[in-house]
Colleague: 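Once you've had a glance at the structure underneath, I'll fire off some questions.
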Amino acid sequence: MTIQKIDVLYTAVATAENGRDGRVSSDDGQLDVIVNPPTSMGGNGAGTNPEQLFAAGYSACFQGALGVVARKEKADISGSTVTAKVGFGKLETGGFGLEVELVASIPNVDEATAKDLLEKAHQVCPYSNATRGNIKVELSVA
């Protein structure tokens, strides 16, 4: 697989201290959160976790891509939401992996149009492009 070169418009910078049981902060101070494993993974659940942060980023990014596609298609996505469900688990080959389900609610279009918009947004979204071929990503309409 060839790595594509991009014209970088913005670079986000974040630093983690103490891994999954510590703190993550951005260089501009806009993000500064405690991270802890969830209770289901033996942690105290007192903070957020990397999977929640990934879900937040992916859902926001995908919603933005949906907007780009909707404008091109002249589709009304007002009142829409995108929920990212990020699963974390052991890989059969060793190590750990992620899987994602993106669930969109688009109240002003029919289901066929919603599915078409999701497929097109999946081709535009930077998170989708970054994960394609690496993790399972399922798209569904609420």
Side-chain angles (χ1 to χ4, degrees), residues 1-109 111 113-142:
M1 181 173 176
T2 303
I3 297 176
Q4 294 182 343
K5 292 184 180 183
I6 64 169
D7 181 15
V8 176
L9 303 174
Y10 169 73
T11 299
V13 179
T15 301
E17 300 171 26
N18 223 29
R20 297 181 70 85
D21 203 4
R23 165 179 248 106
V24 176
S25 59
S26 61
D27 65 335
D28 63 3
Q30 294 298 311
L31 178 73
D32 189 354
V33 296
I34 301 297
V35 290
N36 299 113
T39 55
S40 65
M41 291 173 55
N44 65 16
T48 188
N49 58 68
E51 293 71 39
Q52 286 176 328
L53 294 170
F54 186 77
Y58 203 161
S59 63
C61 189
F62 198 88
Q63 178 76 36
L66 186 61
V68 168
V69 169
R71 282 188 291 282
K72 286 182 181 176
E73 300 289 321
K74 298 187 180 1
D76 180 8
I77 64 160
S78 59
S80 66
T81 61
V82 174
T83 300
K85 300 177 181 181
V86 176
F88 171 92
K90 292 182 179 180
L91 294 169
E92 292 175 354
T93 58
F96 298 92
L98 302 174
E99 65 179 26
V100 176
E101 180 185 7
L102 297 171
V103 182
S105 172
I106 312 173
N108 297 321
V109 301
E111 187 173 349
T113 301
K115 286 181 178 181
D116 182 59
L117 291 170
L118 290 182
E119 288 295 335
K120 289 176 178 173
H122 193 45
Q123 299 307 309
V124 172
C125 176
Y127 275 65
S128 292
N129 287 328
T131 60
R132 186 169 289 108
N134 298 313
I135 66 172
K136 176 184 163 191
V137 177
E138 183 180 327
L139 306 175
S140 60
V141 177

Colleague: Give me the atom names and distance for the closest heavy-atom approach of A14 to V24.
Modeller: CB-CG1, 4.3 Å
Colleague: Would you say the side chain of V100 lies within less than 4.5 Å of the side chain of F62, judging by non-hydrogen atoms?
Modeller: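 No, their side chains stay 4.5 Å or more apart.
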Colleague: Output the distance between atom CG (N36) and atom CZ (R23), rounded to the nearest 0.5 Å.
Modeller: 10.5 Å
Colleague: How close do V68 and V124 get, counting heavy atoms only, and between which atoms?
Modeller: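 It is CG1-CG1, 4.5 Å.
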Colleague: Going by heavy atoms in the side chains, are V86 and Y58 under 4.5 Å from each other?
Modeller: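 Counting from C-beta outward, V86 and Y58 never come under 4.5 Å.
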Colleague: For the backbone of H122 and the side chain of R132, can you confirm whether one donor and one acceptor N or O come within less than 3.5 Å of each other?
Modeller: yes
Colleague: In the structure I gave you, are the side-chain heavy atoms of V35 and N49 within less than 4.5 Å of one another anywhere?
Modeller: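 Counting from C-beta outward, V35 and N49 never come under 4.5 Å.
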Colleague: To the nearest 0.5 Å, how far apart are OG1 in T11 and CG in D27?
Modeller: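 Separation between the atoms: 9.5 Å.
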Colleague: Please examine the side chains of L66 and I106, heavy atoms only from C-beta on, and report whether any two atoms are closer than 4.5 Å.
Modeller: yes
Colleague: Quick check against the 3.5 Å criterion: does S26 have a side-chain atom that pairs as donor or acceptor with the backbone of Q30?
Modeller: yes
Colleague: Is the closest side-chain heavy-atom distance between L102 and L118 below 4.5 Å?
Modeller: no
Colleague: Could R20 and F96 be counted as a cation-pi pair, given that NZ or CZ must be under 6.0 Å from the ring centre and within 45° of the axis?
Modeller: no
Colleague: Using a strict cut-off of less than 4.0 Å between a Lys/Arg side-chain nitrogen and an Asp/Glu carboxylate oxygen, indicate whether E119 and K115 qualify as a salt bridge.
Modeller: no
Colleague: Would you give the length of the straight line joining atom CD of E101 to atom CG of L139, rounded to the nearest 0.5 angstrom?
Modeller: 9.0 Å
Colleague: Give a yes or no on whether the backbone of S78 and the side-chain of N108 come within a donor-acceptor separation of less than 3.5 Å.
Modeller: yes
Colleague: Can you find a pair of side-chain heavy atoms, one from L117 and one from I77, that are under 4.5 Å apart?
Modeller: yes
Colleague: What distance do N134 atom CG and L98 atom CG have between them, rounded to the nearest 0.5 Å?
Modeller: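 Answer for the CG-CG pair, N134 versus L98, is 10.5 Å.
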Colleague: Just by distance, do the side chain of Q63 and the backbone of V82 share a donor-acceptor pair under 3.5 Å?
Modeller: yes
